[in-house]
Peer 1: 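Below you'll find the structure I mean.
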Amino acid sequence: MIPPSVVWSIVRQVASGLLHALNQNLIHRDIKPANLILVPPPEGSSQRESTELVKITDFGLAMFADDADEAMKLTTGDK
């Protein structure tokens, strides 16, 4: 069983990452455990080694929150 403090750390990091993406006008649309990677903190980091960092992956279904940014999209639904 994962300790509650670790679970809350993961939840906070995912929420922070999604907020950062939204601040860049990007909506992920496919958040699930398979799209989250836990990695150790980098060497020299002030974070405890026991605290893993969460990386959000697979932005394949992401879309821009603002229709004006749609022109910058690299992929479309038919490709």
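This structure is a prediction, so every number in the text was calculated from the model and none was measured. Residue numbers run from 1 in the order of the sequence given.
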Peer 1: Between CG of L18 and CG of L26, what distance do you get to the nearest 0.5 Å?
Peer 2: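 Answer rounded to 0.5 Å: 10.0 Å.
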Peer 1: Can you list every pair that meets ring pair (Phe, Tyr, Trp, His ring centres under 6.0 Å) and has a residue in residues 3-22, with sequence neighbours left out?
Peer 2: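 As it turns out, there is no ring pair (Phe, Tyr, Trp, His ring centres under 6.0 Å) pair with a partner in residues 3-22 once direct neighbours are skipped.
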Peer 1: Once side chain to side chain contact (heavy atoms under 4.5 Å, CB included) is applied, do any residues pair with S9, and if so which ones, sequence neighbours excluded?
Peer 2: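 If we apply the side chain to side chain contact (heavy atoms under 4.5 Å, CB included) test to S9, skipping adjacent residues, the hits are R12, Q13, T51.
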Peer 1: What's the shortest heavy-atom distance between T57 and A34, and which atoms?
Peer 2: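 Where T57 meets A34 most closely, the heavy atoms are OG1-O, 4.4 Å.
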Peer 1: Each residue besides V39 in its hydrophobic cluster should be listed here, by chain and number; the cluster joins Ile, Leu, Val, Met, Phe, Trp and Tyr at side-chain heavy-atom distances under 4.5 Å.
Peer 2: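 Its cluster mates, by chain and number, are I37, L53.
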Peer 1: If you measure from CD on Q24 to CG on L19, what distance do you get to the nearest 0.5 Å?
Peer 2: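 Between atom CD of Q24 and atom CG of L19 there are 10.0 Å.
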Peer 1: Run the side chain to side chain contact (heavy atoms under 4.5 Å, CB included) test against I2 and tell me which residues pass, sequence neighbours left out.
Peer 2: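 Partners of I2 by the side chain to side chain contact (heavy atoms under 4.5 Å, CB included) criterion, ordered by chain and then number, come out as V6, V7.
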Peer 1: Could I get the full list of side chain to side chain contact (heavy atoms under 4.5 Å, CB included) partners for D58, not counting sequence neighbours?
Peer 2: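 Scan of D58 (side chain to side chain contact (heavy atoms under 4.5 Å, CB included), adjacent residues dropped) gives D30, N35.
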Peer 1: State which residues pass side chain to side chain contact (heavy atoms under 4.5 Å, CB included) with L38; sequence neighbours excluded, sorted by chain then number.
Peer 2: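 Once residues adjacent in sequence are excluded, the partners of L38 under the side chain to side chain contact (heavy atoms under 4.5 Å, CB included) criterion are I10, E52, V54.
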Peer 1: Rest of the hydrophobic cluster containing L61 (Ile/Leu/Val/Met/Phe/Trp/Tyr, side-chain heavy atoms under 4.5 Å)?
Peer 2: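 Joined to L61, directly or through intermediates: none.
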Peer 1: Between CZ of F64 and CD1 of I27, what distance do you get to the nearest 0.5 Å?
Peer 2: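 Answer for the CZ-CD1 pair, F64 versus I27, is 10.5 Å.
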